[in-house]
Amino acid sequence: MTDVPRSTSEEPWPVRVVSQKVGAWIARLGWVWVDGQVAQISRRPGASTVFLTLRDPSADLSLTVTTNRDVLDLGAPELREGARVVLHAKPEFYAARGTLSLRADEIRQVGLGELLARLEKLKKLLAAEGLFDRARKRRPPFLPNRIGLITGRASAAERDVLTNARRRWPAVEFRTVNVAVQGPSAVPQIVDALKVLDADPTIDVIIIARGGGSIEDLLPFSDEALCRAVFACRTPVVSAIGHETDAPLVDYVADVRASTPTDAAKRIVPDLTEEVRLIGQARSRLERAVRNLVDRESHRLDLLRSRPVLARPQVMVEQRAAEVTALRDRTGRCLDHRLGAAADDLRHTLARLRALSPAATLDRGYAIVQRADGHVVRAASEVTKGDPLRVRLAEGELAATVDG
């Protein structure tokens with residue numbers, strides 16, 4: 001690719017010069033193959049030139065394509081708006097207006113088999129990036145405060161969702177955004193609606209709903225830009241596209257896949273009648289459980305009251321009083337016995353003490369002779385003539401002197 005030559009002067013370029021240079025650079029691109037979706041076809045009666053508006057399915061971008069009527073009739077005679085085409089064209093830049101267009105010399109309408117092959121390739125790409133990962137899917141709330149609905153205006157899908165949801169839960173609230181659900185404008189409108197509803201803090205869940213149709217009709221719901229927009233939503237998204245057998249790629253990206261719009265209403269909103277029935281059953285079970293608990297505890301209290309200790313509480317006091325009296329009597333007897341035994345022992349000891357006492361010996365007429373120093377004289381050899389002695393009698397003492 002050759003760079004556009006820059007001006008060597010410091011003077012700014014006029015717009016016409018810039019436009020001419022851009023046109024010169026685009027002219028060097030040559031012929032290219034372009035893939036896109038036909039947004040508009042303009043066939044003027046009697047004119048040999050046909051004008052197409054070609055749109056990028058993954059971006060909000062479109063180009064004007066001019067071609068010969070014979071080229072269109074030869075390559076895609078049944079071409080309609082919304083069809084996917086591949087065309088061989090040369091980019092042209094109209095310097096006077098500053099617009100870019102394509103001049104095609106060959107147009108091929110993409111067949112069903114090629115579409116399916118491209119969808120399968122895109123499916124593998126998105127799966128590899130983790131857009132289909134079950135771990136990231138969020139569960140919608142049990143009872144959403146407000147539901148966002150993206151669907152066609154006055155469509156059967158809108159009627160099915162609203163009717164069935166309100167039949168199941170009459171107080172449910174919806175914020176409905178009507179968009180095109182097929183054709184070249186479907187993807188940008190759905191993506192914009194997703195952004196609006198996702199930014200609304202009152203919306204708890206978003207439903208994308210459409211009735212059945214051919215693969216070509218449901219093609220916008222397999223668009224890469226839409227799949228990535230659904231993946232980027234912070235609010236849980238429910239996909240309700242077509243019938244049970246239809247499986248656009250947005251079904252794999254959405255948090256919940258509903259087989260039909262009616263199924264989406266059943267999945268998002270609980271059945272009021274069923275919930276009332278379940279609440280009644282739960283209340284009945286709770287009442288039975290409480291009644292059984294009360295009956296069991298009442299029976300337990302009856303058993304406790306029937307025990308003698310509770311039937312005649314004074315019995316326990318009387319029993320303890322009798323035990324205390326018996327213990328006190330036994331303690332008195334034991335104490336008297338021990339005191340009597342101790343008194344006998346004391347008398348015996350006193351009698352032995354008296355029998356062994358020196359005073360008892362003195363009472364029998366004996367005397368104790370002591371020297372002046374208090375030493376008891378046991379032999380005559382222990383004293384000499386003239387030693388003073390002290391004689392202790394049973395009653396009183398005598399002073400004596402040894403004279404022989």
Which heavy atom of Arg168 sits nearest to which heavy atom of Asp271, and what is that distance? NH2-N, 3.3 Å
Ala47 backbone acceptor or donor facing Arg69 side chain under 3.5 Å: yes
When rounded to the nearest 0.5 angstrom, what is the spacing between CG in Leu125 and CD in Glu120? 12.0 Å
Is the side chain of Lys90 donor-acceptor paired with the backbone N or O of Val32 at a distance under 3.5 Å, no angle test? no
Beyond-backbone contact of Val369 with Val376, side-chain heavy atoms, under 4.5 angstrom: no
Check: residues 316-326 side-chain donor-acceptor pairs under 3.5 Å, at least two apart:
unit_1: Thr325; atom_1: OG1; unit_2: Ala321; atom_2: O; d: 2.9

CD1/Ile268 to CD1/Ile206 distance, rounded to the nearest 0.5 angstrom? 11.0 Å
Between the side chain of Glu297 and the main-chain N/O of Leu293, is any donor-acceptor distance below 3.5 Å? no
Rounded to the nearest 0.5 angstrom, the CG-CG distance for Leu194 and Leu226 is 6.5 Å
Between Arg267 and Asp263 (salt bridge meaning N to carboxylate O under 4.0 Å), is one present in this structure? yes
Using modelled atom types and a 3.5 Å cut-off, is there a donor and acceptor pairing between side-chain atoms of Glu274 and backbone atoms of Pro270? no
For the student: nearest non-hydrogen atoms of Cys227 and Val253, plus distance: O-CG1, 3.4 Å
Does Thr67 reach the main-chain N or O of Ala104 with its side chain, forming a donor-acceptor pair under 3.5 Å? yes
Could you tell me if the side chain of Leu52 sits less than 4.5 Å from the side chain of Ile107, heavy atoms only? yes
Can you check side-chain contact (heavy atoms from CB on, under 4.5 Å) on Val86 and Val34, steps first, answer last? CA-CA 6 Å; Val86 175; Val34 181; over 6 Å; no
Under a 3.5 Å distance rule, please check whether Asp198 uses its side chain to pair with a backbone N or O of Thr235 as donor and acceptor. yes
Can you give me the closest heavy-atom contact between Gly30 and Pro91, atom names plus distance? O-CD, 3.2 Å
Between CZ on residue Arg166 and CD on residue Glu173, distance to nearest 0.5 Å: 9.5 Å
Apply the test side-chain contact (heavy atoms from CB on, under 4.5 Å) to residues Arg175 and Val196: give CA-CA distance (whole Å), side-chain angles for both, the deciding distance (0.1 Å), then the verdict. CA-CA 11 Å; Arg175 180 181 178 182; Val196 170; 3.4 Å; yes
From Ser239 OG over to Ile207 CD1, what is the distance, rounded to the nearest 0.5 angstrom? 10.5 Å
Check this for me: does any side-chain nitrogen of one of Arg228 and Glu224 sit under 4.0 Å from a carboxylate oxygen of the other? yes
Do any N or O atoms from the side chain of Ser222 and from the backbone of Leu249 form a donor-acceptor pair under 3.5 angstrom? yes
Side-chain contact test, heavy atoms from C-beta onward, threshold under 4.5 Å: evaluate it for Glu158 versus Asn178 and give yes or no. yes
Indicate yes or no: at least one non-hydrogen side-chain atom of Arg146 is less than 4.5 angstrom from one of Asp200. yes
Among Asp255, Asp133, Asp204, the one residue meeting salt bridge (charged side-chain N to carboxylate O under 4.0 Å, His left out) with Arg138: Asp255
So among Ile190, Leu218, Thr151, which one has a side-chain contact (heavy atoms from CB on, under 4.5 Å) with Arg210? Leu218
Report the residue from Val250, Val237, Leu131, Leu126 that forms a side-chain contact (heavy atoms from CB on, under 4.5 Å) with Phe231. Leu131
Show every ring pair (Phe, Tyr, Trp, His ring centres under 6.0 Å) that has at least one partner inside residues 129-182, sequence neighbours left out. Phe132-Tyr252
Using a cut-off of 6.0 Å, state whether more than 12 heavy atoms not belonging to Lys137 lie near its atom NZ. yes
Quick check for you: to the nearest 0.5 Å, what is the distance between Trp31 atom CH2 and Glu106 atom CD? 10.5 Å
Would the distance check show the side chain of Asp160 and the main-chain N or O of Pro261 forming a donor-acceptor pair, the cut-off being under 3.5 Å? no
Does the side-chain contact (heavy atoms from CB on, under 4.5 Å) test come out yes or no for Ile147 and Val269, once each step is laid out? CA-CA 9 Å; Ile147 301 173; Val269 180; 3.7 Å; yes
Any side-chain heavy atom of Ile26 within less than 4.5 Å of one from Leu100? yes
A side-chain contact here means heavy atoms from C-beta on lying under 4.5 Å apart; do Phe51 and Ile41 qualify? no
Check ion pair Arg371-Asp387 (N to O, under 4.0 angstrom): no
Quick one about Gln37 and Arg84 (side-chain donor to acceptor, distance below 3.5 Å, no hydrogens or angles considered), yes or no? no
Test side-chain contact (heavy atoms from CB on, under 4.5 Å) on Thr53 and Val38 and set out the steps. CA-CA 6 Å; Thr53 300; Val38 178; over 6 Å; no
